K.L.:
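Have a look at this one before I ask anything.
The analysis underlying the following values was restricted to heavy atoms, covering all of them including side chains, and did not include hydrogens, waters or symmetry mates. Every value quoted in this text rests on a predicted model; they were computed, and no experiment measured them.
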Amino acid sequence: MGKLSEMPNIGKVLEGKLERAGIDNPSDLVVFGSKASFERIKKADQSACLNTLYALEGAIQGIRWHGLDEVKKSELKEFYRKHYGNK
């Protein structure tokens, strides 16, 4: 499927964070999903924020994260709030 950085929203920095979290290619990201992938990143990088979670979901859907529908954004925001507070 190629490199992670070839997916929407995934630049070299986020690609590196994903690889350090054991997510080495687009197929891995899709299998783990945005939430589990984010949790893996967050363990090593406490600065990971809600926008990172949005970026991962957008990459999985093949769209820029700004294009996520409001239902999905709300779901991800609630997940983030529940697990990581309002940071």
Side-chain angles (χ1 to χ4, degrees):
M1 201 188 229
K3 296 170 53 173
L4 287 161
S5 60
E6 294 171 347
M7 299 177 80
N9 313 308
I10 310 291
K12 291 293 183 184
V13 172
L14 186 49
E15 179 180 52
K17 291 178 183 184
L18 284 162
E19 289 172 346
R20 286 188 293 281
I23 299 165
D24 298 317
N25 57 62
S27 295
D28 289 347
L29 180 56
V30 170
V31 168
F32 280 108
S34 59
K35 294 173 188 172
S37 297
F38 179 79
E39 288 176 326
R40 286 171 158 246
I41 291 170
K42 189 75 168 169
K43 285 180 184 175
D45 178 9
Q46 287 301 304
S47 70
C49 64
L50 179 60
N51 285 344
T52 303
L53 181 57
Y54 288 162
L56 295 171
E57 180 61 33
I60 290 167
Q61 290 188 28
I63 60 173
R64 295 284 299 151
W65 72 265
H66 303 91
L68 292 171
D69 67 56
E70 291 304 317
V71 172
K72 180 54 80 173
K73 280 185 180 177
S74 293
E75 173 193 322
L76 295 172
K77 191 174 195 177
E78 179 59 22
F79 168 83
Y80 185 87
R81 187 201 58 75
K82 180 179 178 184
H83 294 280
Y84 303 103
N86 290 324
K87 301 174 190 169

K.L.:
Treating Ile, Leu, Val, Met, Phe, Trp and Tyr as nodes and any side-chain heavy-atom pair under 4.5 angstrom as an edge, say whether Ile63 and Ile10 lie in one connected cluster.
P.N.:
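Yes.
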K.L.:
Quick check for you: to the nearest 0.5 Å, what is the distance between Lys77 atom NZ and Leu53 atom CG?
P.N.:
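Rounded to the nearest 0.5 Å, the NZ-CG separation comes to 12.0 Å.
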K.L.:
In terms of side-chain geometry, is the basic nitrogen of Lys42 or Glu39 positioned less than 4.0 Å from the acidic oxygen of its partner?
P.N.:
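Not counted as a salt bridge, because no side-chain N and carboxylate O are separated by less than 4.0 Å.
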K.L.:
Which heavy atom of Pro8 sits nearest a heavy atom of Gly62, and at what distance?
P.N.:
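Where Pro8 meets Gly62 most closely, the heavy atoms are CG-C, 3.5 Å.
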K.L.:
If you define the side chain from C-beta out and look only at heavy atoms, does anything of Asp28 sit under 4.5 Å from Leu4?
P.N.:
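Asp28 does not reach Leu4 side chain to side chain.
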K.L.:
Answer yes or no: is there a side-chain heavy-atom contact under 4.5 Å between Lys3 and Glu19?
P.N.:
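Side-chain contact under 4.5 Å: no.
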K.L.:
I need the Lys12 NZ to Lys17 NZ distance, nearest 0.5 Å.
P.N.:
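Atom-to-atom, Lys12:NZ and Lys17:NZ are 15.5 Å apart.
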K.L.:
If the test is side chain to side chain contact (heavy atoms under 4.5 Å, CB included), which one of Asn9, Val30, Leu56, Leu68 qualifies with Gln61?
P.N.:
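Filter result, single survivor: Leu68.
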K.L.:
For the side chain to side chain contact (heavy atoms under 4.5 Å, CB included) test, which of Arg40, Glu75, Glu57 pairs with Lys35?
P.N.:
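That would be Glu75.
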K.L.:
Please give me the minimum heavy-atom distance between Pro26 and Gly2, naming the atom from each residue.
P.N.:
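Shortest heavy-atom separation between Pro26 and Gly2 comes out as CD-O, 3.0 Å.
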K.L.:
Please state whether the rings of Tyr84 and Phe38 are parallel, tilted or perpendicular, taking 30° and 60° as the class boundaries.
P.N.:
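Taking Phe38 first and then Tyr84, their aromatic rings stand perpendicular (interplane angle over 60°).
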K.L.:
Measure the CD1-CD distance between Ile23 and Glu15 for me, rounded to the nearest 0.5 Å.
P.N.:
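Nearest 0.5 Å value for the CD1-CD distance: 12.0 Å.
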K.L.:
Find the distance between OG (Ser74) and CZ (Arg81) and round it off to the nearest 0.5 Å.
P.N.:
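It is 12.0 Å, given to the nearest 0.5 Å.
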K.L.:
Can you name the closest pair of heavy atoms from Phe32 and Ser37 and give their distance?
P.N.:
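For Phe32 and Ser37, the tightest heavy-atom pair comes out as CB-OG, 3.4 Å.
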K.L.:
Roughly how far, to the nearest 0.5 Å, is CG of Asn25 from CG of Leu18?
P.N.:
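Here the interatomic distance stands at 10.5 Å.
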K.L.:
Could you tell me the separation between the CD1 atom of Ile60 and the CH2 atom of Trp65, rounded to the nearest 0.5 Å?
P.N.:
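Ile60 CD1 to Trp65 CH2: 15.5 Å, rounded to 0.5 Å.
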